[in-house]
Structures are given as structure tokens and as C-alpha cells.
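Remarks on the structure that follows.
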Amino acid sequence: MLQGRTVPWVCALLLGLMGLPASGSDFQHHRYEDMVRVLFAVHSDCPYITRIYSIGRSVEGRHLYVLEFSDNPGIHEALEPEFKYVGNMHGNEVLGRELLIKLSQFLCEEYRAGNQRITRLIHDTRIHILPSMNPDGYEVAARQGSELNGYLVGRGNSRDIDLNRNFPDLNSLMYYYEKTNGRNHHLPLPDNWEHQVEPETLAVIKWMQNYNFVLSANLHGGAVVANYPFDKSRDARIRGRTMYSATADDKIFRQLARTYSYAHSWMHLGWNCGDFFNEGITNGASWYSLSKGMQDFNYLYTNCFEITLELSCDKFPPESSLPREWLGNREALISYLEQVHHGIKGTVYDENNNPISKAEIAVAGINHDVTTGVDGDYFRLLLPGTYTVKASAPGYLSSSNTVTVGPAEAIQLHFYLKKAPKQNLKGKHQHGKKNISAHKASLKLGPR
């Protein structure tokens with residue numbers, strides 16, 4: 001195990017040798033207009049592999065710009081996974097914002113320089129980078145500056161709402177379903193949810209609905225640790241105590257967190273900011289319970305696995321520290337991105353080779369399913385091992401297969417589903433109605 005963990009350090013050395021020197025003049029804090037100029041400059045330098053789009057606006061009307069990297073920008077290619085990085089969710093936690101701006105420049109520069117590792121990553125992955133989810137909060141924090149910025153000034157959006165406590169609470173519903181053998185993925189949103197969230201949160205949820213993301217990371221500050229779901233404790237009655245709250249994919253989440261931590265120059269050492277986290281990782285609820293957070297929402301509402309990266313003791317570090325922070329995080333940002341290519345992937349077809357969207361992919365022993373996208377393709381992150389995988393869709397007979405996953409690229413596993421006999425359709429339809437009724441009843445029984 002220890003030998004495997006030395007690989008990122010070798011990659012870091014090779015990547016450093018192929019990269020550009022990180023001089024101090026390359027690094028600065030970017031106000032909103034400066035950030036936008038840099039993103040459009042990157043697009044101008046690499047027009048054939050980038051696209052800029054807005055997912056919405058902040059309370060004060062600032063665009064939430066995303067920079068996409070792909071060999072076919074704007075197009076989802078079948079069996080090519082979608083990945084996202086989100087920074088600056090808390091406006092005064094600014095390192096993630098600057099790292100993602102620098103990462104955007106780095107990807108463009110290295111692609112143009114012929115870096116084979118970066119070229120392959122861009123050709124095989126659709127990468128979405130949102131440097132600032134909370135541009136209004138950032139401007140409040142930036143006006144105070146790094147020297148005077150307090151722990152909370154600029155944390156929330158323009159209405160002083162903490163965006164990482166603003167997503168619909170699907171954990172309570174999930175924990176109820178665990179006791180009643182209910183649905184384990186893509187949980188339904190509450191009624192009128194769009195009127196209960198902030199514009200920035202609404203924009204990100206709509207973004208998730210429009211793209212079939214597979215893997216994500218949310219960049220924060222105030223500690224140095226890779227935090228994985230669940231963030232919310234299963235037992236809210238216990239006060240003053242922390243309880244480990246594992247997902248069905250706890251093993252893969254721990255490995256994802258370790259990937260970043262051990263590729264980071266010092267996160268894996270454990271002692272940072274006066275706290276100790278073994279291997280530089282932690283389960284969210286084991287640290288402290290958090291409700292309505294974004295990483296749990298990703299896992300419970302979409303196919304996306306997300307972790308939260310706390311990257312600096314200082315929420316608003318001085319510009320002089322940015323070169324060191326970039327060098328400490330650069331390899332980790334790339335290594336984590338590469339994890340989107342592990343596990344299994346494939347397409348679910350009908351008997352006429354037509355792709356089936358919204359088919360469910362279940363892995364025996366892991367109580368969390370994923371679904372196919374509009375092109376019928378799916379992506380399932382898994383650790384090396386042998387698994388029994390089942391594909392199912394309404395109106396079709398399910399199909400199962402056994403697959404062995406290795407440590408390298410994702411194994412392709414396709415399914416061909418036959419139409420179910422007509423006499424079975426009525427029973428399946430009625431069963432579906434019962435499930436929908438149960439979902440609605442459970443929503444009424446929830447804590448809200």
C-alpha cells in the first residue's frame with residue numbers, strides 16, 4: 001500500500017518538469033472582473049478545447065461562469081465521463097478560487113506544450129471548472145482584504161446565507177428509506193424547493209440536472225483535510241458527540257479522499273492548523289454534523305460522487321503564499337481528476353441497439369444505484385474487485401453480469417435488455433405506483 005502511495009510523488013515530479021515555472025508574478029487574488037478576464041483569456045488561448053458558459057447569476061447579478069475543457073467542447077460524448085470542480089462556495093474562502101483559475105491556465109498551457117498526460121485527460125474527459133460559486137460573498141471579503149478578513153465576513157452570499165447549508169435536505173429522507181427498504185438514489189426533491197434555495201444554489205442544482213456528472217470536488221478553506229460523505233449524522237439526538245456517518249460507497253469515498261491527500265504535499269501528514277486527521281482525511285459527520293450540504297446532495301440526488309477539500313488554514317491567504325499553495329495542490333488536483341476513469345462504464349441498449357436512458361445500474365452488496373444518461377451510458381466508480389452488476393429499466397427484463405475491476409482504466413460493461421412480456425407490464429406499473437405513493441407519504445413523515 002505504501003508503495004502505491006509513492007506514485008503521485010513521481011507524477012508530481014514529472015508534471016513539474018513538464019510544467020511552467022511558478023514565479024511569484026503569476027499569482028494574485030482576482031476580483032470578479034479580473035477572474036472573468038482570465039477565463040476568457042484561457043478560452044482565447046485554447047479555443048478548440050475550451051468553452052465558457054454561465055449556469056446562472058448571483059443575487060447581485062454576477063454570472064456564475066464555468067470553463068469547460070474537452071476535445072469536443074459543448075458536447076457529451078458517449079462513454080466520456082463528466083467531471084466538475086467548484087470553488088469559493090464560501091465567499092471568504094478564496095484559495096480554491098485561485099487554484100481553479102491557475103488550474104485552468106495550467107491545463108491550457110500544458111495542452112499547447114504537448115504534455116501527454118494533460119492531453120489524454122482533456123481528450124478522454126469533459127472537465128467543468130466553476131472557480132466561484134459565490135462571487136458576491138467574495139467581493140465582500142476582498143474589500144476587507146486578506147490582512148483584516150474575519151472568519152465569517154463574506155462567507156455567505158449577498159443575503160448572508162451560507163450556501164453550504166442551503167441545499168434540500170435529502171439525508172433525512174435517505175435515513176428514513178434505509179429503515180423502510182426504500183429508494184437508495186436520485187431521491188425526490190420537496191415541493192416548492194426552487195423557492196426555498198438561493199439563486200446560486202438553484203443555479204448549481206439546475207447545472208447538476210443538465211449534466212451527468214460522475215465525480216466532483218468542492219474547494220473550501222479553514223482547515224487542511226479531504227472530507228467525504230455523509231456530512232449529516234444519522235442520529236441528530238446526540239449532542240456534543242460526533243458520529244461516523246458512512247455512505248454505501250464508504251470504501252471508494254475513503255480512497256478518493258486519500259488520493260487527494262497523498263498527492264498533496266502536506267495534507268496526508270495529518271497535523272495541520274492545530275488539528276489532526278489521520279491520513280489527512282475525515283468523514284464529514286465524524287468531524288461535525290452538517291445539514292443541507294452540497295456534497296451529500298450530489299450523492300443523494302445525482303450520479304455524482306463529491307468530496308469537500310479543505311485546503312488552507314488561512315481562509316484568505318496573502319498573495320505571497322499562493323505559489324507554494326499551487327505547488328502543494330497541483331498534482332493532487334490532477335490525480336483526483338483522473339479518478340473519474342476508474343470502475344466500470346457502459347451503455348444499456350434495447351433489443352434493437354437503441355440506448356435506454358434512466359436505466360438503473362445496481363451493484364450487489366452496495367446499496368446505491370446509478371442511472372444511465374440521455375445517451376444510455378453509465379459510469380460507476382468502484383474499487384478493484386469482482387462484482388455482480390444488474391441493469392434494469394421499466395418495461396424491460398433485467399440483466400445481470402459479473403465483472404472484475406482492475407486498478408487501471410474503467411472496464412466497459414454493456415447491457416442489452418429484452419422487452420418484458422405484456423402480462424408483466426401491468427404488475428410492474430402498479431408496483432411503481434405503490435412506490436411513488438410511498439415516496440410521497442414518507443415526505444410527509446419527514447422532519448420538515
Side-chain angles (χ1 to χ4, degrees), residues 50-56 66-86 122-130 168 170 183-189 193-194 202-216 297-306 340-341 343-363 368-382 389-399 401 410-420 428-429 432 435-436 439:
T50 62
R51 176 176 73 109
I52 293 179
Y53 63 97
S54 173
I55 61 172
V66 175
L67 181 62
E68 173 192 337
F69 283 87
S70 170
D71 58 342
N72 286 291
I75 300 171
H76 172 74
E77 299 177 71
L79 299 180
E80 183 172 283
E82 310 260 355
F83 177 96
K84 63 180 167 72
Y85 270 131
V86 179
I122 291 174
H123 284 182
D124 295 346
T125 324
R126 195 177 180 197
I127 305 163
H128 306 257
I129 298 175
L130 173 62
L170 299 183
R183 190 175 182 83
N184 66 22
H185 66 101
H186 290 81
L187 303 189
L189 297 176
W193 69 270
E194 293 182 359
L202 176 63
V204 168
I205 293 176
K206 294 289 187 181
W207 189 33
M208 295 178 188
Q209 292 173 338
N210 291 329
Y211 295 85
N212 187 20
F213 293 115
V214 179
L215 183 61
S216 172
F297 182 85
N298 269 270
Y299 184 69
L300 296 175
Y301 183 63
T302 76
N303 289 321
C304 189
F305 287 32
E306 179 173 281
V340 76
H341 292 287
I344 60 173
K345 65 180 180 179
T347 304
V348 179
Y349 299 98
D350 65 14
E351 294 173 284
N352 298 315
N353 288 327
N354 297 311
I356 302 173
S357 64
K358 296 183 179 180
E360 297 184 354
I361 306 298
V363 179
H368 181 81
D369 303 341
V370 298
T371 59
T372 56
V374 294
D375 296 318
D377 54 346
Y378 74 90
F379 306 84
R380 197 9 167 138
L381 298 177
L382 292 168
V389 185
K390 181 176 74 173
S392 60
Y396 295 88
L397 298 175
S398 62
S399 175
N401 213 329
I411 302 297
Q412 290 197 25
L413 179 64
H414 305 290
F415 291 92
Y416 296 84
L417 303 186
K418 297 181 179 180
K419 280 282 188 180
K428 286 179 176 289
H429 182 64
N435 281 342
I436 293 172
H439 294 338

Euclidean distance, [Y] [atom2] relative to [X] [atom1], rounded to 0.5 Å:
X      : Y      : atom1 : atom2 : value
Ser392 : Leu397 : OG    : CG    : 11.0 Å
Thr50  : Ile122 : OG1   : CD1   : 9.0 Å
Asn212 : Cys304 : CG    : SG    : 9.0 Å
Thr125 : Asp71  : OG1   : CG    : 9.0 Å
Phe415 : Ile356 : CZ    : CD1   : 11.5 Å
Thr372 : Lys358 : OG1   : NZ    : 9.5 Å

Close side-chain approach of [X] and [Y], heavy atoms under 4.5 Å:
X      : Y      : value
Pro81  : Val340 : yes
Thr347 : Asp375 : no
Phe297 : Leu170 : yes
Asn298 : Phe213 : no
Val389 : Ile344 : yes
Ser70  : Glu80  : yes
His186 : Asn303 : yes
Val348 : Tyr416 : no

Treating [X] as the side-chain partner and [Y] as the backbone partner, does any N or O pair qualify as donor plus acceptor under 3.5 Å?
X      : Y      : answer
Asn184 : Asp369 : yes
Asp350 : Asn352 : yes
Asp377 : Leu79  : yes

Notebook entry, point to check: Which is it for Val86 and Val204 under the side chain to side chain contact (heavy atoms under 4.5 Å, CB included) test, yes or no, and what are the steps along the way?
Noted result: CA-CA 10 Å; Val86 179; Val204 168; 5.7 Å; no
I need the minimum non-hydrogen distance between [X] and [Y], along with the two atoms involved.
X      : Y      : result
Leu417 : Ala391 : CD2-O, 3.8 Å
Gly376 : Pro355 : CA-CB, 3.9 Å
Arg51  : Pro73  : CB-CB, 3.8 Å

Margin query: Under a 3.5 Å cutoff, is there a donor and acceptor pairing between the side chains of His128 and Tyr53?
Written below: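 His128 vs Tyr53: donor-acceptor pair found between side chains.
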Next item on the list: For the pair Leu300 and His185, evaluate side chain to side chain contact (heavy atoms under 4.5 Å, CB included) and give the outcome as yes or no after the intermediate values.
Entry: CA-CA 5 Å; Leu300 296 175; His185 66 101; over 6 Å; no
Next item on the list: Describe, in one word, how the ring planes of Tyr349 and His414 are oriented to each other, choosing from parallel (under 30°), tilted (30 to 60°) and perpendicular (over 60°).
Entry: tilted
Notebook entry, point to check: Are His368 and Tyr299 close enough that their ring centers fall under 6.0 Å?
Noted result: yes
Next item on the list: Inspect the contact between Glu82 and Arg126 and indicate whether a charged nitrogen and a carboxylate oxygen are less than 4.0 angstrom apart.
Entry: yes
Check: Hey, is Lys84 close enough to Glu68 for a salt bridge, meaning N to O under 4.0 Å?
Finding: no
Note to self: Quick check with a 6.0 Å cut-off and a 45 degree axis cone: is Lys345 positioned over the face of Tyr378's six-membered ring?
What the structure shows: no
Check: Are Ile205 and Trp193 close enough, and set up right, to give a side chain to side chain contact (heavy atoms under 4.5 Å, CB included), and what steps lead you there?
Finding: CA-CA 11 Å; Ile205 293 176; Trp193 69 270; 3.5 Å; yes
